[in-house]
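Notes follow once the structure below has been shown.
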There are 2 protein chains.
Amino acid sequence: MNEHPLIARRSLAAELVGRLRDMIIEGTLKAGDKISEPDLCDLFGVSRTPLREALKVLAAEGLVDLTPNRGSRVARIAPEAVEELFPIMGMLEALAGELACARLTAIDLARLEAMHAAMVGHWQRGEWVPYSALNRRIHEEIFRIAGNATLASLYQNLMVRIHAVRFVARKTPGRWAEAIEDHERMMAALRARDGAALSGLMREHLRHKADVVHEALRQLGAPEQG
Amino acid sequence: MNEHPLIARRSLAAELVGRLRDMIIEGTLKAGDKISEPDLCDLFGVSRTPLREALKVLAAEGLVDLTPNRGSRVARIAPEAVEELFPIMGMLEALAGELACARLTAIDLARLEAMHAAMVGHWQRGEWVPYSALNRRIHEEIFRIAGNATLASLYQNLMVRIHAVRFVARKTPGRWAEAIEDHERMMAALRARDGAALSGLMREHLRHKADVVHEALRQLGAPEQG
DNA sequence: GACTTGAATTTTGCATTCATTATTCATTCT
DNA sequence: AGAATGAATAATGAATGCAAAATTCAAGTC
């Protein structure tokens, strides 16, 4: 009768979904790569049944492309897909900001202030990696404060889909400064608990992010054929 | 080397995903129902392997709840989940409206005008079923015009999740008139190609829809235990 | 030498089988 | 009688087996 079993037992398929998703996100499995069922079965020491179930789930998430009778490959994100995703993510961030403002506690604000200050510090010292990590955590924190689990998981899912642009999204100094400015304004809106303002700012922030990715993709040119 | 094979062959699992989704949406499989693998295998005349793959996909979509070693049931939508979904759908509609305004052609507008007029006709004659169908098609048309496939499919997915409230969403005459008014204003914004206005109106329209569902759910009270 | 043709191999889709876990139901004990 | 225990039954999770499809590769043709 227990809703949440105390000892969480995951099925092999569920475990594989997580492992494979991580491998795709971190780049062990690269976009466009053919996924060999026998090889992966070997690697994980499982049979094809749970692996295939996992691949079906990842295909539903948009991380894997399945072609009947012709196997599966890691999904390749087309530049058009990126163009489609960013406006959506912008809207979801905007909503998150709005909701977060309405529910923001003093403790939440203090935590965000601290994270923001630390992030600015990383920027000043030119520490890209910790900056990125903290940046991501700030956005996650806003979604947490928003208190809409569906919204958060939806955003997560879309974020995962654009994993591949993570590497190309190297900001120029100017773009980096712009991002910091965006965040400064966002903090101001949060302090003022101005939901509408924060909403607009976050959408704009995402638009800037989209621009950065766009510039990077354009520089790289058309991705090689798989 | 064909990207899109001419003869579309679907796997059994893919076929089952579609069939089961339809069964859930149309109510043949009711929310909270236990899903018996042997029974469904019997019904469709397939083995458990493709059926289980299909259930995993539906679980990823949020239509089915899987509990390890304890089988699967049709997902029950909690009122809180509805409360979480509507603001999201509102934002997505808002974005669709904005994009649609920017890309609207004269032909698109004419088609929408015709659909709108027909829908108003159904309203005047109190024809609920064709009204609903046309209402849905108008919204779909706006998403089509918006030209963002990812946005459309995301919206579809969320729409499917709230299938169960479809039955409770009987509008009162006042609410129905409100919905018509919303649509009148939306048409005006479209004619003026005022993206910002349409965006706001569609979000408000969704808020009204949420209110209707909320009232209905409150009247029904807490859903019976599965 | 490049293009086809077709057999050998590999991979995929699905059914079946086996082990493990949950559920049901009869029996026992308080 | 009602709760507790355990055997019988059914379900789920995962591995294996098998047929159909795709891929590979070597031989033959122009």
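Note on naming: letters A, B, ... go to the chains in the order of the sequence lines (proteins, then strands), and numbering restarts at 1 for each one.
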For this session: Starting at CG of B:Asn148, measure out to CD of A:Glu83 and round the result to the nearest 0.5 Å.
Result: 9.5 Å
For this session: Would you mind reporting whether B:Lys56 and B:Leu66 have side-chain heavy atoms less than 4.5 Å apart?
Result: yes
Exercise. Considering only heavy atoms from C-beta outward, does the side chain of B:Arg161 approach that of A:Thr150 to under 4.5 Å?
Worked result: yes
Exercise. For nucleotides 14-25 of chain C, read 5' to 3', which letter fits each nucleotide if B means a protein heavy atom sits under 4.0 Å from the base, S means only the sugar-phosphate is that close, and - means neither?
Worked result: SBB----SSS--
For this session: Can you pull out how bent the helix from C:dG1-D:dC30 to C:dT30-D:dA1 is, comparing the axes over its first five and last five pairs, to 10°?
Result: 10°
Problem set entry | Any B:Ile138 side-chain heavy atom under 4.5 Å of B:Met186 side chain | no
Problem set entry | Gap between atom SG of A:Cys101 and atom CG of A:Asp108 - 0.5 Å precision | 11.0 Å
Seminar exercise, completed: In this structure, CD of B:Glu140 is separated from CE of B:Met115 (nearest 0.5 Å) by 8.0 Å
Exercise. Hey, are the side chains of B:Arg111 and B:Glu141 touching, using non-hydrogen atoms and a 4.5 Å cut-off?
Worked result: yes
Exercise. Could you state the interatomic distance from CD (B:Glu37) to OG (B:Ser72), rounded to the nearest 0.5 Å?
Worked result: 5.5 Å
Exercise. Under a criterion of less than 4.0 angstrom to any heavy atom of chain A, what are the 5'-terminal and 3'-terminal contacting nucleotides of DNA chain D?
Worked result: D:dA14 to D:dT23
For this session: Please check if any side-chain donor atom of A:Asn135 sits under 3.5 Å from a side-chain acceptor atom of A:His183, or the reverse.
Result: yes
Exercise. With sugar-phosphate meaning primed atoms plus P, OP1 and OP2, does B:Leu51 contact a base, only sugar-phosphate, or nothing at under 4.0 Å between heavy atoms?
Worked result: nothing
Seminar exercise, completed: Closest heavy-atom pair, B:Ile142 versus B:Ala100, reported as atoms and distance to 0.1 Å, is O-CB, 3.7 Å
